[in-house]
Amino acid sequence: MDERYEAQAIEPKWQAEWERSGLYLTAEDRSRPKFYLLEMFPYPSGEGLSVGHLHNYVPCDVSGRFHRMRGYNVLHAMGWDAFGLPAENDALLKKLHPKQTVPRYAANFKRQLKLAGCAYDWTREINSSTPEYYKWTQWFFLLLYRRGLAYRAVGAQWWCEKCLSILANEQVIDGCCWRHTDTPVTKKELEQWYFKITAYADRLLEDLDTIDWPERIKLMQRNWIGRSEGAELSFPVADHPGEQVKFFTTRPDTVFGVSFMVLAPEHPLVARITSPQQRAEVESYIAQARRQSEIERLSTIKEKTGVFTGAYAHNVFTKENIPIWIADYVLMGYGTGAIMAAPGEDQRDFEFARKYHLPIPRVTAPADGSRPPADRAYTDHGVTVNSGFISGMPTAEAIAAVAKYAQENNIGRPTVSYRMRDWLISRQRYWGCPIPIVYCKKCGIVPVPEDQLPVILPDMVDYQPSGTGRSPLANLPEFVNTACPGCGGPAERETDTMDGFACSSWYFLRFASPHETRAPFDREAVDYWLPVDLYVGGAEHAVMHLLYARMWTKVMYDAGLINFKEPFPVLRNQGIIWAADGQKMSKSKGNVVTPDAMVDKYGADALRLWELFMGPFEEPTNWNEDGVVGTARFLTRVWNFVRRYVEAGCPQGNPGEQTRRKTHQAIRTATDHVERLRFNTALAALMDELNYLARLEPAEIGREAVETYVLMLAPMAPHIAEEMWRALGHTDSVHLQNWPGFDPALARDEVVTVVVQINGKVRDKLEIAADSAEDQVRQRALQSAAVQRHLDGRTPKKVIYVPNKLLSIVV
RNA sequence: GCGAGAGUGGCGGAAUGGCAGACGCGCCGGACUUAGGAUCCGGUGCCGCAAGGCGUGGGGGUUCAAGUCCCCCCUCUCGCACCA
């Protein structure tokens, strides 16, 4: 071993050697237990990886290496989420083609991951923008189509002026585009393809209970799905025979308190029922609502506004005619776009009724007999009053009674409503997976037959989005014009491409058999490897990728393609690493720290250790380069410790009892903490052990302590561990060894410190043989001078003994 | 507004209701050095010469014992935000 630890000298050497020997290739030994470790599919951006990104990749790498040493067959592979708007927007900005930029960026990511010593089986690398991959994305589209889960519909949809494309609901954040957070989305009327994710709403909701995910993420999905039970009812419109207002309510028990109705301004009924006198006012209100941005419209602070249509609905329960209004607090996108207003029991309706002097009947009274508050709605459950046949019923009973009555009298039925809408997947952009559909005048919508897949994304020089609502592919006659697969006659191809999230909805299956050409995956390989044992990624995908991938998995399950219902039974979110200034790391802010710079300065192992040590894996924290100095220093100390031992001739040694105990305790702690992804404290345990061992002589340390130390360091600092392992005389890689086990008997403390408290204050500490009897401990304590001083002659009233920990005396 | 999470030394952070501050950074002192952003040794929550006292956002409570459990309040982060 060299006298000085030089990371730059040993790291490239071992990386080359591991690659040469195929150390990280996945073993296809299906007799062993498997461990499928996966990080979320990264989009390889032109900025490259920062030390922030590594806070995901390094800990995962440690977990993978750890599991490999524990005897698992580990699948850990990497690929690129290369299709989609981010890649295309970047290429447009740089006046290049994504076909050039994507491979270049991906290669850079790969180089950086290797630089950091992350162990992937690169023979399994995938790229969603290659025909070998997107052929199967198209195949899945057809699977969904066949199963009635892909359909075309016209509707007003979210449009981003910067993306020049339609977006899915999930991709609109605070009224802005998820990729352009300063750009409010607008609505555009287009015919689009949808995936029927709502058909899976209940299962997506229920199965959340079966998976081990952060509660926060589960909650976000539950809220996003937004299931609510209630009833759909309808009231006839007075003087408009045949017209009805259909509405959804979660509180059918309040129907007797309904004093007006409200429609969304876009509701189709508005045009048909508005009276001539009200027409001008109604139309101007609709125009104004349309002009408002989504943010303005959804602002809850804003005072509610609305306009009377001049029409009345007949409340079939009270037999009264009630006015129909339009107001923008009613959303066309939820329920039926119409509500019954029960101002006594709904705060929004209450505010609206107050403003426009509409009646506020009270039909729910608090169960305790008190009066409902006068200045607001009473929204809690209670007892129904002033409500005909349901008067006197508790709210829950009244809800059921009205739903039953409605059904029996053809007024409505109990129903469930969801906040989640179907997933809109059409994108009017070039850089995406072509939708495998053909339009024929004679046959209509015709799916491209499987044997004609993939529909190749043609090369295009001029691929700028047009903004017309059609993809640039529409400008390529040789792409558009085709023969109908059904009748052979002239037909046109679909020119929209798929949302990039389609590609990432099945990629986790592809890693099991990445080169399979006859199917998206090999069934046997998937049966062995899937589902993913540990999935790690950022929380920002809570309602996008994670929801979509779950849906596709359920579709595949239903189709009998796979035997599991959830793709990611265990999910963890790594904490975000902010820049040193507390802001997001970004090129534009000039605060990005690259792994390249850190490796250059301190070495990959030191960088890796700091990524692990800087804080709990799942907690966010700020980047602080000073910490890398600390872990680099630690590695130097390890180096010198092992070097001293090697230079002493690697003595078997005769370690004392305490040294052996320290060693076995360190193994116990490190094993437990790495298992639970508590890398910071696992490393602290190793540092602590080094502090103890480093002051001993080589013969006192002995081979067991040194070797287990190097083995435990191996997943975290693979290069230095390999170098030291070889220096200890081994010819095979440290990464092929077993993780050390510990002997609980050896790890057990023989002598423990028992704290003596008097009235809750620590007055003395006793060194006592472990598991001493209480009597002995008590006797020892009473002999203590400090204890006697503080007892001051008083007799103990009560004594509590916690074995091996504490003796608490109360006087 | 609603929901979730968090608040511990100068800093990052440790602590199944049982010695608060492990481990590291920084800082102070020392050793070795021509030199130090190298290495090694010691110290380092606050007040106090000491004995001791005080300390986990603030206030109350439960307990022999509270960073940890309960109630109220403050601050920060995230998510949702007229979903009928």
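Remember, predicted model here, so these are calculated numbers, not experimental data.
- Both A:S417 and A:N640 lie near RNA chain B, and the one whose nearest nucleotide falls closer to the 5' end is A:N640.
- Here the separation of B:A51 from B:U62, taken at their P atoms, is 33 Å to the nearest Å.
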Subject >> Nucleotide pairing, RNA chain B (Watson-Crick or G-U, distances under 3.5 Å), in dot-bracket with [ ] and | >> reply: (((((((..(((.....[....)))((((((.......))))))(((....)))..(((((..]....))))))))))))....
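- Within the 4.5 Å cutoff, the side chain of A:P268 has heavy atoms near those of the A:M332 side chain.
- Atom-to-atom, NZ of A:K798 to C1' of B:C64 comes out at 5 Å; the value is rounded to the nearest Å.
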Pairs under 3.5 angstrom, nitrogen or oxygen only, protein versus nucleotides 43-45 of chain B, please.
none

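- Taking atom CZ of residue A:F634 and atom P of nucleotide B:A38, one finds them 17 Å apart after rounding to whole Å.
- Comparing the same atom, P, in B:G52 and in B:U39 gives a spacing of 39 Å after rounding to whole Å.
- Applying the side-chain hydrogen bond (donor to acceptor under 3.5 Å, both in side chains) rule to pairs touching residues 630-640 of chain A yields A:R637-A:N691, A:N640-A:R643, sequence neighbours excluded.
- In this structure, the CD atom of A:E351 is 14 Å from the C1' atom of B:A84, given to the nearest Å.
- Using a 4.0 Å heavy-atom cutoff across all strands shown, A:R789 reaches sugar-phosphate atoms only and no base atom.
- Taking atom P on both B:G3 and B:G12, the two are 30 Å apart, rounded to the nearest angstrom.
- Closest approach of A:T254 and A:A342 over heavy atoms only: OG1-CB, 3.5 Å.
- Among the protein residues, A:R763 comes within range of the sugar-phosphate backbone only, with heavy atoms under 4.0 Å from sugar or phosphate atoms but none that close to a base.
- Atom C1' of nucleotide B:U77 and atom CD of A:Q583 are separated by 15 Å, given to the nearest angstrom.
- One atom, CD of A:Q221, and another, P of B:C80, lie 12 Å apart when rounded to the nearest Å.
- Using a 30° and 60° split on the angle between ring planes, A:F617 and A:H55 fall in the tilted class, from 30° to 60°.
- Put simply, the side chain of A:K187 does not reach to within 4.5 Å of the side chain of A:Q157, judged on heavy atoms.
- Residues A:Q788 and A:L782 have side chains not in contact (no heavy-atom distance under 4.5 Å, counting atoms from C-beta outward).
- Put simply, CG on A:D328 is 9 Å from C1' on B:C82, counting in whole angstrom units.
- The same atom, C1', is picked in B:G45 and in B:A81; the two are 43 Å apart, to the nearest Å.
- The gap from the C1' atom of B:G21 to that of B:A14 amounts to 7 Å, rounded to the nearest Å.
- Interface remark: the A:K797 side chain does not form any donor-acceptor pair with the B:C64 base, using a distance-only criterion of under 3.5 Å.
- On the P atoms, B:C69 is 15 Å away from B:A4, given to the nearest whole Å.
- Spacing between atom CD of A:Q347 and atom C1' of B:C82 amounts to 11 Å, rounded to whole angstrom units.
- Side-chain contact between A:I720 and A:L713 is present, with heavy atoms from C-beta onward closer than 4.5 Å.
- Counting to the nearest Å, the C1' atom of B:A84 and the CZ atom of A:F248 are 8 Å from each other.
- Using P as the reference atom, B:C23 and B:C72 are 38 Å apart when rounded to the nearest Å.
- Under 3.5 Å, the side chains of A:T336 and A:E232 contain no donor-acceptor pair of N or O atoms.
- Annotation: B:G67 and B:A6 have their C1' atoms spaced 13 Å apart (nearest Å).
- For the salt bridge (Lys or Arg N to Asp or Glu O under 4.0 Å) test, no residue two or more places apart in sequence or in another chain qualifies with A:D380.
- A:T384 and A:D253 share no side-chain donor-acceptor pair at under 3.5 Å.
- Contact of the A:I197 side chain with the A:L547 side chain is registered, since non-hydrogen atoms from C-beta on lie closer than 4.5 Å.
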Original post:
What does nucleotides 13-33 of chain B look like as a protein-contact string, B for base, S for sugar-phosphate only, - for none, at under 4.0 angstrom between heavy atoms?
Top reply: SSSB-BB--BBSSS-------
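- Glycosidic conformation, B:G9: syn, with the torsion inside 90° of 0.
- The side-chain tip of A:R550 points at the ring of A:W213 from less than 6.0 angstrom away and within 45° of straight on.
- Inter-residue side-chain proximity for A:Y334 and A:F248 is flagged as met; some heavy-atom pair is nearer than 4.5 Å.
- Comparing atom distances between the A:Y334 side chain and each of B:A84, B:A81, B:A51 picks out B:A84 as nearest.
- A cation-pi arrangement, defined by a distance under 6.0 Å to the six-membered ring centre and an angle within 45 degrees of its axis, is absent between A:K304 and A:F352.
- Taking side-chain N and O atoms only, A:R695 has no distance below 4.0 Å to OP1 or OP2 of B:C40.
- A donor atom on one side chain and an acceptor atom on the other are found under 3.5 Å apart for A:Y285 and A:T305.
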**OP:** For the pair A:K601 and A:E625, evaluate salt bridge (Lys or Arg N to Asp or Glu O under 4.0 Å) and give the outcome as yes or no after the intermediate values.
**Re:** CA-CA 11 Å; A:K601 225 164 153 182; A:E625 188 177 324; 2.9 Å; yes
Where do N or O atoms of nucleotides 54-56 of chain B meet protein N or O atoms at under 3.5 Å, pair by pair?
from: B:C54; atom 1: OP2; to: A:K761; atom 2: NZ; distance (Å): 3.4

